[in-house]
Asker: 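Mind looking over this structure? Questions follow.
The chains referred to below are lettered A, B, ... by the order of the sequence lines, with proteins before strands, and numbering in each begins at 1.
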Amino acid sequence: MSLDLPYLKTLNDRQKEAVLYTEGPLIVLAGAGSGKTKMLTSRMAYLMDFKKIPSYNILAVTFTNKAAGEMKERVERSLNHSNAFYSLPEIGTFHSVCVRILRREMERLPFTKPFVIYDDSDQLSLVKSIFSRLQIEEKSVSPKGIQASINRLKCDAVEPDEVEVQAHNLFRKKLIEVYKEYQKDLIANNALDFGEIICMVYRLLRDHPDIRAKYQSRYQYIHVDEYQDTNRSQYLLLSMLADPRNGGHKNICVVGDEDQSIYKWRGADIRNILDFESDYPGSYVVKLEQNYRSTKNIITAASHLIKNNTSRKDKTLWTDNEAGALLIHSQVLDERVEAETVVADIKKVASEDGRAYSDFAIFYRTNAQSRQFEDVLRREKIPYQILGGLRFYDRKEIKDILSYFKVLLNPSDSVSLKRIINVPARGIGKTTVERLDVIYGEAGGSKSFFEVIEMAGNDPSLTSAGTAKKLRQFVSLIHKFQDEQPRRLLSELYHMILDETGYVRDLKQEGTEESLARVENLEEFDSLLQEFEEDQLEKLSEEEARSKRPDLLSIFIEQTSLASDIDGLDANASTVKLMTLHSSKGLEFPVVFMVGMEEGLFPSTKPWEESPEEDLEEERRLCYVGMTRARELLFLMNANVRRIWGQVAYQEPSRFLSEIPLELVESRKASLSHSSQFKLGSSKVFIQQETVRPSYSSGLVGKNFNHPEYGYGRVLASEGMGEDQKITVEFSGKKQRKFLMRYVSEFISQ
DNA sequence: TTTAGCTCAATTTTT
DNA sequence: TTGAGCTAAA
């Protein structure tokens, strides 16, 4: 095909094939760094510019706002080459697209007001209040466990009455009981959780043929990014739009890589990608196997690693890029030295190669590992940015103020109400809230929680006179804010809430380092709010601005509810980036450090998990994702000793290290015989390293152990090599004991 | 109602 | 080790 279109010129043959195949189901198996975003954006440009498909009929769903933003930008850029004017297709996350549908179809939904979105902690509060209402002991089943199970069921689009009941299973029974109540409460609170956003749209389309037809004809060309990470409910939702059996047009293009599926534990169903061809008969398959990102050495290493997985499609990543440097593996004494070594390496590479700090990223398996790196980076005055951990909008003070906002919009939101009813302290304590909860439960949904508060404030038989007065004061405070809201700027409203409640004053009075940090966060929130408002008002004409102002608050609340902090990542900021391997997906950096490559930590092992094989494969995919983020240099590290929860553990190198061909790795093993030269707190460690060939003992950690004297146990850690190899074994009652391998090897079960 | 001190648990977390 | 959440005392 020789179409001379600007956005096709830079594509390779496979990419072009995927772009031009616009009618019918298409699955693109896109390896890491193979230009799938480029393919997708070119495809949309081609649909609009050449096929003359209105942007209105094109949909693209991604998993992060960041990916959506990037995609919009690149579609726009592709279209700029042509002279015609185009509006952009609908590009968004599953959640934002679904929220828009729900807002549009409001009259078909059980909500009385615009809904709010509950995050994890809101959800947990709701579950806990249901526990107390149903008088379920938190000791018998944990609210967190129930919450997780509810979410899992929602991922699988299972409704309460579809949950299988086994008479003897107490947890399952309680789960159904709470789940039912939880669903009722969501509606009563005008609230939705993340899972429900998807499920509700799915049910809406499933149960209303007219709405389904409407969206089928609207979204005629559907694109799904990261298809390997879709869950059951997302799959069903897509089938409502695209599957011919439901009347769909089957123009669905899914892009994914089963080797990068790392969210199984969160409900992602790898079968969605593995079974696409049978789900959509006659689908066309395109493989993008050429990697444009990394050096040959990195690609070869990653390919060797991932070959150890069994459940994958046949796909071989290759690259035309040069061989590049060898991967560098360092084995270090402990997590402190690990951080010292990484930072020393960063400084060295930065100055020798003239690289900016923004070229570097450090990936770890768990957020808890970030501290060591922070400490050393701060001391060395190297600017850094941490992703993950606590989201800005999850901070206590920000959640508090957002709860005020939410209550103004939606007084039915009992979770937010309970959060702020005594924040700052105004003498409405636990006892009072519990009493209100009882009244609320007795009203059986006929009154919102806010109405219950109002009622209790005016009925002397319900509470003491003092409490009633405090309740009335609270109610009139909220009413006052509600009255002011329509004619105030968001930032004015915000300051009003802070002033009237004395929130900041109290924090300042407290005067601790922590409380002052909270004040700073609130100031940052203020500027965020102003920025948002300016942005929004710019988009509206003056007249609209006046009439639409009340909506700004709901738009803001919605955006913050659906924001993640990877969205805020400024790749250009001259900082070293720290993040978990999970959050690294979709990003790339010239220099990558993967740290803590130790058995038990990475791969993380949980011996009681039901399918250790599958879990291990997911860990391996995670490793693959991490490695393929690196463009030029890839450092791998493991420590011999690590303090985990205050306990010293002897760590064995990760099996993943031994799955990388030796000839691709330069190994710098810290010479343990000179361990006295390791000066903690200095950065001289790097010099103390000699180049040796790595030698790994095979994975013993996690193996079962049966000692004639001590009985059954499990291998916790292993240290040393050959004659000196020692293992730590945990017996029942958390008792630990060390053995020399050469004496006990026969007691390890294979 | 508040708060100080204690116990207990503890991956990953696109939205 | 850290932190969240709960109990006991002010």
Side-chain angles (χ1 to χ4, degrees), chain A residues 61-68 92-99 117-121 123-125 128 138-139 142-145 148 151 154-155 192-198 225-226 228-231 233-234 260-268 335 363-369 371-372 387-391 393-394 396 422 424-434 464 466-467 470 510 514 558-567 569 579-587 596 600-606 609 615 618-619 621-623 625-626 642-649:
Chain A
V61 278
T62 63
F63 275 83
T64 62
N65 295 307
K66 186 169 186 282
T93 61
F94 267 103
H95 294 267
S96 67
V97 170
C98 286
V99 163
I117 297 164
Y118 280 173
D119 67 14
D120 233 44
S121 61
Q123 217 188 356
L124 188 60
S125 315
K128 281 186 177 170
E138 294 201 2
K139 281 158 208 151
S142 82
K144 270 192 180 163
N151 283 337
K154 289 194 175 195
C155 287
L192 282 173
D193 60 47
F194 290 130
E196 198 60 30
I197 291 172
I198 312 290
D225 196 12
E226 309 279 18
Q228 76 282 354
D229 285 330
T230 50
N231 60 33
S233 67
Q234 289 161 336
Q260 293 187 65
S261 162
I262 54 175
Y263 285 104
K264 187 195 97 182
W265 51 275
R266 226 182 135 142
E335 74 275 14
F363 301 159
Y364 32 76
R365 180 64 239 267
T366 67
N367 279 311
Q369 287 167 261
R371 275 219 29 204
Q372 305 297 331
L387 280 145
L390 198 57
R391 237 167 43 112
Y393 294 116
D394 285 339
K396 186 187 172 301
N422 200 31
R426 49 173 76 87
I428 306 173
K430 212 171 81 183
T431 332
T432 311
V433 173
E434 264 166 25
S464 71
T467 307
K470 287 170 191 159
E510 209 179 301
E514 195 193 330
E558 183 175 310
Q559 271 192 15
T560 54
S561 303
L562 294 177
S564 85
D565 74 5
I566 200 106
D567 303 335
L569 177 72
M579 67 193 81
T580 61
L581 285 151
H582 281 91
S583 10
S584 77
K585 197 174 80 171
L587 305 174
L601 182 60
F602 187 39
S604 159
T605 46
K606 240 190 180 183
E609 207 70 73
D615 289 346
E618 178 139 323
E619 294 285 314
R621 291 193 289 269
L622 192 53
C623 187
V625 166
R642 181 177 298 272
R643 267 161 288 263
I644 297 172
W645 302 329
Q647 292 261 304
V648 173

Asker: Mind checking whether Ile198(A) and His95(A) have side chains closer than 4.5 Å, heavy atoms only?
Answerer: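 Ile198(A) reaches His95(A) side chain to side chain.
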Asker: Where do N or O atoms of nucleotides 2-5 of chain B meet protein N or O atoms at under 3.5 Å, pair by pair?
Answerer:
| residue | atom | partner | partner atom | Å |
| --- | --- | --- | --- | --- |
| dT2(B) | OP2 | Asn422(A) | ND2 | 3.0 |

Asker: Of all nucleotides in DNA chain C with an atom under 4.0 Å from a non-hydrogen atom of chain A, which is the first and which the last going 5' to 3'?
Answerer: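 It runs dT1(C) to dC6(C).
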Asker: Could you work out, with salt bridge (charged side-chain N to carboxylate O under 4.0 Å, His left out) as the rule, every residue matching Lys396(A), not counting sequence neighbours?
Answerer: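 For Lys396(A) the salt bridge (charged side-chain N to carboxylate O under 4.0 Å, His left out) partners, ignoring immediate neighbours, are Asp400(A).
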Asker: Sequence neighbours left out, what passes salt bridge (charged side-chain N to carboxylate O under 4.0 Å, His left out) with Arg643(A)? Give chain and number order.
Answerer: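 Checked Arg643(A) against salt bridge (charged side-chain N to carboxylate O under 4.0 Å, His left out); matches are Asp334(A), Glu335(A).
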Asker: In whole angstrom, give the distance that lies between atom CD of Glu618(A) and atom C1' of dT13(B).
Answerer: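 Answer to the nearest Å: 12 Å.
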Asker: Can you tell me if Thr580(A) touches the phosphate of dT13(B), counting only side-chain N or O atoms and a distance under 4.0 Å to OP1 or OP2?
Answerer: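 Yes, such a contact exists.
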Asker: Grab the CD-P distance between Glu619(A) and dT12(B) for me, whole Å please.
Answerer: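 About 11 Å, once rounded to whole Å.
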Asker: Nearest of dT11(B), dT1(B), dT14(B) to any side-chain atom of Phe63(A)?
Answerer: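 The answer is dT14(B), which lies nearest to the side chain.
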Asker: Taking the minimum atom-to-atom distance to the side chain of Asn367(A), which one of dA10(B), dT14(B), dT13(B) wins?
Answerer: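 The answer is dT13(B).
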Asker: Compare the ring of Tyr263(A) with the six-membered ring in the base of dT13(B) and state whether they stack (centres under 5.5 Å, planes under 30°).
Answerer: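 By the stated criterion, Tyr263(A) and dT13(B) do not stack.
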Asker: In terms of the nearest nucleotide of DNA chain B, which residue is placed more toward the 5' end: Thr467(A) or Thr93(A)?
Answerer: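 Per heavy-atom nearest nucleotide, the more 5' residue is Thr467(A).
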Asker: Could you tell me whether the side chain of Asp229(A) and the main chain of Ala268(A) form a donor-acceptor pair under 3.5 Å?
Answerer: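 Absent.
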Asker: Under 4.0 Å between a side-chain N or O of Thr62(A) and OP1 or OP2 of dT14(B)?
Answerer: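 False: Thr62(A) side-chain N/O out of range (4.0 Å or more) of dT14(B) OP1/OP2.
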Asker: Output all residues satisfying salt bridge (charged side-chain N to carboxylate O under 4.0 Å, His left out) with Arg642(A), sequence neighbours left out; order by chain, then residue number.
Answerer: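 Scan of Arg642(A) (salt bridge (charged side-chain N to carboxylate O under 4.0 Å, His left out), adjacent residues dropped) gives Glu338(A), Glu598(A).
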Asker: Quick one: Arg365(A) CZ to dA10(B) C1', roughly how many Å, whole number?
Answerer: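 After rounding, the reported distance stands at 14 Å.
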Asker: Start at the 5' end of DNA chain B and walk down; is the nucleotide closest to Thr431(A) or to Thr230(A) reached first?
Answerer: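 Looking at the nearest nucleotide for each, Thr431(A) comes out on the 5' side.
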Asker: I want to verify a distance call: between dT1(B), dA10(B), dT13(B), whose nearest atom is closest to the Trp645(A) side chain?
Answerer: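 Shortest atom-to-atom distance from the side chain points to dA10(B).
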Asker: Quick check on dT14(B): is either OP1 or OP2 less than 4.0 Å from any side-chain nitrogen or oxygen of Asn231(A)?
Answerer: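 Checking dT14(B) against Asn231(A), no side-chain N or O comes under 4.0 Å of OP1 or OP2.
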Asker: Tell me yes or no: between the side chains of Glu434(A) and Thr431(A), is some donor less than 3.5 Å from an acceptor?
Answerer: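 The answer is no; no qualifying pair exists.
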Asker: For Lys128(A), give me all partners under salt bridge (charged side-chain N to carboxylate O under 4.0 Å, His left out), at least two apart in sequence or on another chain.
Answerer: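 Salt bridge (charged side-chain N to carboxylate O under 4.0 Å, His left out) list for Lys128(A), sorted by chain: empty.
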Asker: Does the side chain of Thr580(A) reach to within under 4.5 Å of the side chain of Tyr364(A), using non-hydrogen atoms?
Answerer: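 Yes, their side chains come closer than 4.5 Å.
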Asker: Under 4.0 Å, counting only non-hydrogen atoms across every strand here, what does Thr432(A) touch: a base, just sugar-phosphate, or nothing?
Answerer: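 The residue Thr432(A) makes sugar-phosphate contact but no base contact.
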Asker: Under a 4.5 Å cut-off applied to non-hydrogen side-chain atoms, are Met579(A) and Leu587(A) in contact?
Answerer: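 When only atoms from C-beta onward are counted, Leu587(A) and Met579(A) do touch, with a gap below 4.5 Å.
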Asker: Have a look at Arg371(A) and say if it touches a base, only the backbone sugar-phosphate, or nothing, with a 4.0 Å heavy-atom cut-off.
Answerer: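 Here Arg371(A) touches the backbone only, sparing every base.
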Asker: Nearest-Å distance, CG (Asp119(A)) to P (dT14(B))?
Answerer: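 From Asp119(A) CG to dT14(B) P: 12 Å.
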Asker: Provide, to the nearest angstrom, the distance between the CD atom belonging to Gln647(A) and the P atom belonging to dA9(B).
Answerer: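 These atoms are roughly 15 Å apart.
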Asker: I would like to know whether Gln369(A) and Thr366(A) meet side chain to side chain donor-acceptor pair (under 3.5 Å); could you show each step before the answer?
Answerer: CA-CA 6 Å; Gln369(A) 287 167 261; Thr366(A) 67; 3.1 Å; yes
Asker: With a 4.0 Å cutoff (strictly under), does any side-chain N or O of Ser583(A) reach OP1 or OP2 of dT12(B)?
Answerer: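 For Ser583(A), the contact criterion (side-chain N or O under 4.0 Å from OP1 or OP2 of dT12(B)) is not met.
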Asker: When the distance from NZ of Lys144(A) to C1' of dT11(B) is rounded to whole Å, what number comes out?
Answerer: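 After rounding, the gap between these two atoms is 13 Å.
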Asker: Measure the distance from CH2 on Trp265(A) to C1' on dT11(B) and round it to the nearest whole Å.
Answerer: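 Rounded to whole Å, this separation is 8 Å.
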Asker: Can you check the Gln234(A) CD to dT14(B) C1' distance for me, whole Å?
Answerer: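 These atoms are roughly 10 Å apart.
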